[in-house]
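A short write-up of the structure that comes next.
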Amino acid sequence: MSNESRVAIVTGAARGIGAATALRLARDGHAVAVVDLDEGSCEQTVKSITSAGGHAAAIGADVSDADAVNSAVERIADVLGPPAILVNNAGVTRDNLLFKMTEVDWDTVMGVHVRGSFLMAKAASAHMTAGKWGRIVNLSSTSALGNRGQANYSTAKAGLQGFTKTLAIELGKFNITVNAIAPGFIATEMTKATAERIGVSWADFQAGAAAQIPVARVGQPEDIANTVSFFVGEEAGYVSGQVIYVAGGPKA
Ligand SMILES: NC(=O)c1ccc[n+]([C@@H]2O[C@H](COP(=O)([O-])OP(=O)(O)OC[C@H]3O[C@@H](n4cnc5c(N)ncnc54)[C@H](O)[C@@H]3O)[C@@H](O)[C@H]2O)c1
């Protein structure tokens with residue numbers, strides 16, 4: 001079963017896990033819509049794809065904004081073709097202990113992860129059901145199991161696991177699989193910002209994390225991109241509604 005060339009959407013693909021995933025899916029032969037808040041910030045990822053001979057388009061959209069999502073998905077269908085693969089990767093953190101967490105911290109994180117994945121899945125799945133083939137991958141996190149200072153984020157990431165399982169049930173008959181990846185520590189701007197916020201050097205922060213991880217290293221964006229590539233492949237068609245922890249070991 002070789003992989004057909006499809007149209008893939010990766011949100012939050014200007015950098016980090018999203019950028020690595022966009023590059024990987026392009027290398028797998030798919031045309032990739034590189035979606036992020038600011039269209040200009042997507043250019044570097046698009047350039048890396050096209051200079052390697054791939055096909056990609058930069059699309060600016062805030063995934064928590066319904067109008068922006070609907071027009072972005074329409075534009076993607078016009079420019080690249082109907083999307084058959086969606087990776088809900090866009091994310092933010094607003095960490096704080098419960099007593100210091102504001103309503104804005106809560107709503108922002110829910111808005112991007114939960115509402116954003118819902119809006120994107122709703123818009124993109126209309127094309128997938130019409131084409132009778134689809135793959136949706138949602139980015140959860142080991143924080144779904146609980147993480148101090150992340151009541152908003154862990155709730156959102158646990159919510160995405162329920163969302164994944166329900167969509168798998170609803171969309172299966174259209175030949176659409178829906179799965180989630182729950183990464184552990186991955187070296188990106190997101191984890192770098194956490195190190196800065198708590199006043200630990202980036203090197204020490206990574207070394208401290210690696211010391212707790214069975215494979216004795218932190219994850220790289222490509223570790224997640226490789227797992228996305230598996231889920232969206234033709235041969236993973238009987239794998240649906242699953243959450244795979246990609247964390248260098250069995251627990252967070
Ligand atoms: N880095 C980790 O250790 C880790 C661990 C578990 C899960 N994750 C998840 O993986 C995903 C990617 O994380 P990352 O580490 O690459 O983060 P990152 O901060 O490096 O990149 C996130 C991207 O999402 C974009 N984005 C944020 N809000 C958006 C919005 N409303 N609309 C569109 N784009 C938006 C940002 O502009 C940014 O380019 C996130 O969902 C994150 O929660 C990361």
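Remark: R148 CZ to S143 OG distance equals 14.0 Å, nearest 0.5 Å. To the nearest 0.5 Å, the span separating OG on S117 from CZ on F163 amounts to 6.0 Å. Once rounded to the nearest 0.5 Å, the distance linking CG of N138 with NE2 of H113 reads 12.0 Å. Atom OG1 of T11 sits about 8.0 Å away from atom CG of D36, to the nearest 0.5 Å. L119 contributes atom CG, which lies 7.0 Å from atom CG of N70 (distance to the nearest 0.5 angstrom). A distance of 12.0 Å separates NZ in K122 from CG in L167, rounded to the nearest 0.5 Å.
Of all heavy-atom pairs between P82 and H127, the closest is CB-ND1, 3.9 Å. Residues G12 and N89 come closest through the heavy atom pair O-ND2, 3.1 Å. In terms of heavy-atom proximity, A20 sits nearest to A225 at O-CB, 3.6 Å. Nearest approach of Q242 to T164, heavy atoms of both residues: O-CG2, 4.1 Å. Minimum interatomic distance between H30 and R6 (heavy atoms only, all atoms of both residues): ND1-N, 3.0 Å. Pairing each heavy atom of A168 with each of S240, the nearest pair is CB-OG, 3.4 Å.
Defined by atom type and a distance below 3.5 Å, a donor-acceptor pair is missing between the side-chain atoms of S154 and N147. Using modelled atom types, one finds no donor on one side chain facing an acceptor on the other under 3.5 Å when comparing R94 with N152. Checking N226 against S229 by side-chain atom types alone, no donor-acceptor pair falls below 3.5 Å.
Linking ILVMFWY residues whenever their side-chain heavy atoms come closer than 4.5 Å, directly or via other members, places I9 and L80 in the same cluster. When hydrophobic clusters are built by joining Ile, Leu, Val, Met, Phe, Trp and Tyr residues whose side-chain heavy atoms come closer than 4.5 Å, directly or via intermediates, M128 is grouped together with F174. One hydrophobic cluster, built from ILVMFWY side chains closer than 4.5 Å, holds both L160 and M190. Under the 4.5 Å side-chain heavy-atom criterion for ILVMFWY residues, no single connected hydrophobic cluster contains both V104 and V114. Under the 4.5 Å side-chain contact rule for hydrophobic residues, I76 and F118 share a cluster.
In terms of modelled atom types and a separation under 3.5 Å, the side chain of T93 and the main chain of D95 share no donor-acceptor contact. Remark: side-chain polar atoms of S140 are paired, donor with acceptor, to backbone N or O of K157 under 3.5 angstrom. Here the side chain of S141 pairs no donor or acceptor atom with the backbone of A144 at under 3.5 angstrom. With hydrogens and angles disregarded, no donor-acceptor distance shorter than 3.5 Å links the side chain of N3 to the backbone of G233. With hydrogens and angles ignored, the 3.5 Å screen pairs no side-chain donor or acceptor of T108 with any backbone N or O of D105.
Residues Q150 and V109 fail the side-chain proximity criterion, which asks for heavy atoms closer than 4.5 Å. Considering only heavy atoms from C-beta on, M120 comes within 4.5 Å of V73 through its side chain. Put simply, the side chain of L145 reaches to within 4.5 Å of the side chain of Y245, judged on heavy atoms. Here the side chains of D223 and R217 are in contact, with some heavy-atom distance below 4.5 Å. Inter-residue side-chain proximity for V243 and N179 is flagged as unmet; no heavy-atom pair is nearer than 4.5 Å. At a threshold of 4.5 Å between non-hydrogen side-chain atoms, the residues E196 and T194 do not count as touching. For the pair C42 and V35, the minimum side-chain heavy-atom distance is 4.5 Å or more.
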Go through the steps to decide whether E39 and R75 satisfy the test salt bridge (charged side-chain N to carboxylate O under 4.0 Å, His left out), and finish with yes or no. CA-CA 13 Å; E39 193 154 318; R75 214 175 122 207; 3.2 Å; yes

Worked verdict on T177 versus Y238 for side-chain contact (heavy atoms from CB on, under 4.5 Å): CA-CA 8 Å; T177 68; Y238 202 55; over 6 Å; no

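Between W202 and F185, the ring planes lie parallel to each other; the angle is under 30°, not in the 30° to 60° tilted range.
Within a 6.0 Å sphere centred on CG of L98, other residues, nucleotides and ligands contribute 12 heavy atoms or fewer.
Chaining together hydrophobic side chains whose heavy atoms lie under 4.5 Å apart places L139 alongside V10, I17, L23, L25, V32, V34, V46, I49, I85, V87, W133, V137, I181, I186, I224, V228, F230, F231, V232, V239, I244, V246.
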Listed pairs under 3.5 Å, donor-acceptor, residues 55-63 side chains, sequence neighbours left out:
from, atom 1, to, atom 2, distance (Å)
D62, OD1, S64, N, 2.8
D62, OD1, S64, OG, 2.7
D62, OD2, S64, OG, 3.4

